[in-house]
Amino acid sequence: MNIVKNRYYIVTFILGFTYTLFSQQNSNHIQWQKIDEGLFLSEYLAPKKSILGDHKITILKINPSRYDFNLFSAKKKEEHTRTAKEWGNQKKQIAIINAGMYRMDHATNLGYMKDYNFINNPNENKDNTIVAFNRKDNSVPEFQIIDRTCQNWEVLKNKYNSFTQSIRMVDCNQKNRWSRQSKKWSMVAIGKDEEGNALFIISRSPYTVHDFINILLQAPLKLYNLMYLEGGPEASFYLNHNNTVVEKMGSYETGFNENDKNTVFWEIPNVIGITKKEN
């Protein structure tokens, strides 16, 4: 289980002048920078300080009615592992994050993963959240995080083409589902807000997962539910759109990489990307 690896490295520029990524000092307010229609970026200054780094949390808010979600896997024929930046640039994606933790073969997702006719892992594990996108009809939202404890998975599994399963962080009642622990790491997660927007979320600064969830629940995100994707140096977020470039990777992980020195993206096998809808 590769659960934590991530670093913070931001480069941003806009046409003829430098764009400075903002951060807000008020934990009750999130300032959104519009990147495009239906696409907003923020750096949220967590009210709880981390043991390392600047305790900033990068959040990309995505309107699923304007963007397609795309699943890429090194396990597909003629594919291979890449860094988030390489996945993004080579597949012409606006943004990239990890699609989940993976097995020692550096290809197979720990939980269920499927993309149309391609099956990365046919087996469901005990984890209770499954991200679903590329719907088959209009009877369901374009994007959602299915909670198997309060939704009918047996019905919903036939309503979408793309799925990735991982650990539930916030349930459908907006409750923190992660037990307290002392271990900390950088991490990346995917969320959905009450308006149905997808949230790509990454923190290079390490937190216990329980504390990280509480920070997000207390932030003015209107968070509906949340799923864990990856931690430590492997945790990755890449954005390149409208002359705004953000590169962020994890670093710290208790018992594995207890420092803030990682400065490069690690190669990862499975990612979620986004592209603008054509119409």
Side-chain angles (χ1 to χ4, degrees), residues 10 12 14 19 21-22 24 30-44 56-72 84-85 87-89 91-100 113 115 129-135 138 140-147 159-166 169-170 174 187-203 216-217 219-230 235-249 268 270-279:
I10 282 190
T12 56
I14 288 187
Y19 163 73
L21 193 61
F22 48 82
Q24 49 276 55
I30 289 184
Q31 182 181 350
W32 294 103
Q33 171 71 27
K34 184 177 180 180
I35 304 301
D36 202 342
E37 294 298 324
L39 190 67
F40 298 88
L41 178 68
S42 182
E43 271 211 332
Y44 178 65
K56 292 177 182 177
I57 301 170
T58 301
I59 307 166
L60 185 68
K61 181 164 65 174
I62 307 150
N63 183 339
S65 69
R66 292 183 176 273
Y67 295 87
D68 288 321
F69 293 78
N70 309 298
L71 183 62
F72 298 99
K85 184 175 182 178
W87 279 114
N89 291 338
K91 300 298 181 179
K92 302 186 186 309
Q93 301 297 293
I94 289 171
I96 288 283
I97 56 168
N98 307 71
M113 180 178 281
D115 187 47
T129 42
I130 301 172
V131 170
F133 47 95
N134 293 325
R135 63 185 179 180
N138 294 335
V140 291
E142 294 182 276
F143 165 93
Q144 67 169 306
I145 301 174
I146 298 166
D147 186 330
K159 293 291 186 177
Y160 292 89
N161 288 300
S162 304
F163 303 94
T164 181
Q165 180 184 22
S166 191
M169 299 174 83
V170 173
Q174 294 74 60
M187 71 191 84
V188 61
I190 187 167
K192 187 186 78 168
D193 69 16
E194 293 175 357
E195 297 174 350
N197 296 302
L199 304 171
F200 287 4
I201 305 170
I202 188 167
S203 174
L216 295 176
L217 284 172
L221 282 171
K222 297 182 179 179
L223 188 65
Y224 180 77
N225 60 357
L226 186 69
M227 189 178 90
Y228 184 89
L229 293 176
E230 184 59 280
S236 305
F237 171 84
Y238 178 68
L239 169 69
N240 186 353
H241 188 59
N242 281 355
N243 298 297
T244 298
V245 179
V246 180
E247 301 180 16
K248 191 168 183 181
M249 62 287 290
I268 49 179
N270 305 309
V271 299
I272 299 170
I274 60 168
T275 48
K276 288 190 76 170
K277 290 184 181 295
E278 295 183 358
N279 49 13

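Bear in mind the structure is a predicted one, so any value in this text is a computation, not a measurement.
Checked by atom type and distance alone, the side chain of Ser42 never pairs as donor or acceptor with a backbone atom of Ile59 at under 3.5 Å. Here the side chain of Trp87 pairs a donor or acceptor atom with the backbone of Ile268 at under 3.5 angstrom. Arg135 places a side-chain N or O within 3.5 Å of a backbone atom of Val140 that can act as its donor or acceptor partner.
Here the closest heavy-atom approach between residue Asp115 and residue Leu71 is recorded as OD2-O, 3.4 Å. A pairwise comparison of heavy atoms in Ala219 and Ile30 identifies CB-CD1, 4.4 Å as the closest pair.
Residues Asn63 and Ser65 bring a donor and an acceptor atom of their side chains to less than 3.5 Å of each other. For the residue pair Gln31/Tyr44, the side-chain donor-acceptor check at 3.5 Å is not satisfied.
Contact of the Val271 side chain with the Tyr238 side chain is not registered, since no non-hydrogen atoms from C-beta on lie closer than 4.5 Å. Inter-residue side-chain proximity for Thr58 and Ile201 is flagged as unmet; no heavy-atom pair is nearer than 4.5 Å. Side-chain contact between Lys222 and Glu195 is present, with at least one heavy-atom pair separated by less than 4.5 Å. No side-chain heavy atom of Phe40 sits under 4.5 Å from any side-chain heavy atom of Ile35. Residues Val170 and Leu217 meet the side-chain proximity criterion, which asks for heavy atoms closer than 4.5 Å. Contact annotation: the side chain of Asn225 never approaches that of Gln174 to less than 4.5 Å [non-hydrogen atoms, C-beta and beyond]. Side-chain contact check for Ile57 versus Leu216: some heavy-atom pair is nearer than 4.5 Å. Leu39 is listed as a side-chain neighbour of Ile274, based on a closest heavy-atom distance under 4.5 Å.
Residues passing the side-chain hydrogen bond (donor to acceptor under 3.5 Å, both in side chains) test with Asn70, sequence neighbours excluded: Gln93, Thr275. In this structure, the side-chain hydrogen bond (donor to acceptor under 3.5 Å, both in side chains) partners of Glu37, at least two apart in sequence or on a different chain, are Lys34.
By the 6.0 Å and 45° rule, Lys192 stacks over the aromatic ring of Tyr224.
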Go through it in stages, so that I can follow the logic: the residues are Lys61 and Trp32, the test is side chain to side chain contact (heavy atoms under 4.5 Å, CB included), and I'd like the CA-CA distance, side-chain angles, deciding distance and then a yes or no.
CA-CA 9 Å; Lys61 181 164 65 174; Trp32 294 103; 3.7 Å; yes

Can you check side chain to side chain contact (heavy atoms under 4.5 Å, CB included) on Ile190 and Ile272, steps first, answer last?
CA-CA 10 Å; Ile190 187 167; Ile272 299 170; 4.2 Å; yes

Mind running side chain to side chain donor-acceptor pair (under 3.5 Å) on Gln144 and Tyr160 for me, showing each step along the way?
CA-CA 10 Å; Gln144 67 169 306; Tyr160 292 89; 2.9 Å; yes

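Atom CD1 of residue Ile94 and atom CG of residue Leu239 lie 8.5 Å apart, to the nearest 0.5 angstrom.
The pair Asp68-Lys277 meets the salt-bridge criterion, with a side-chain N (NZ, NE, NH1 or NH2) lying under 4.0 Å from an Asp/Glu carboxylate O.
Using a 30° and 60° split on the angle between ring planes, Phe143 and Phe133 fall in the parallel class, below 30°.
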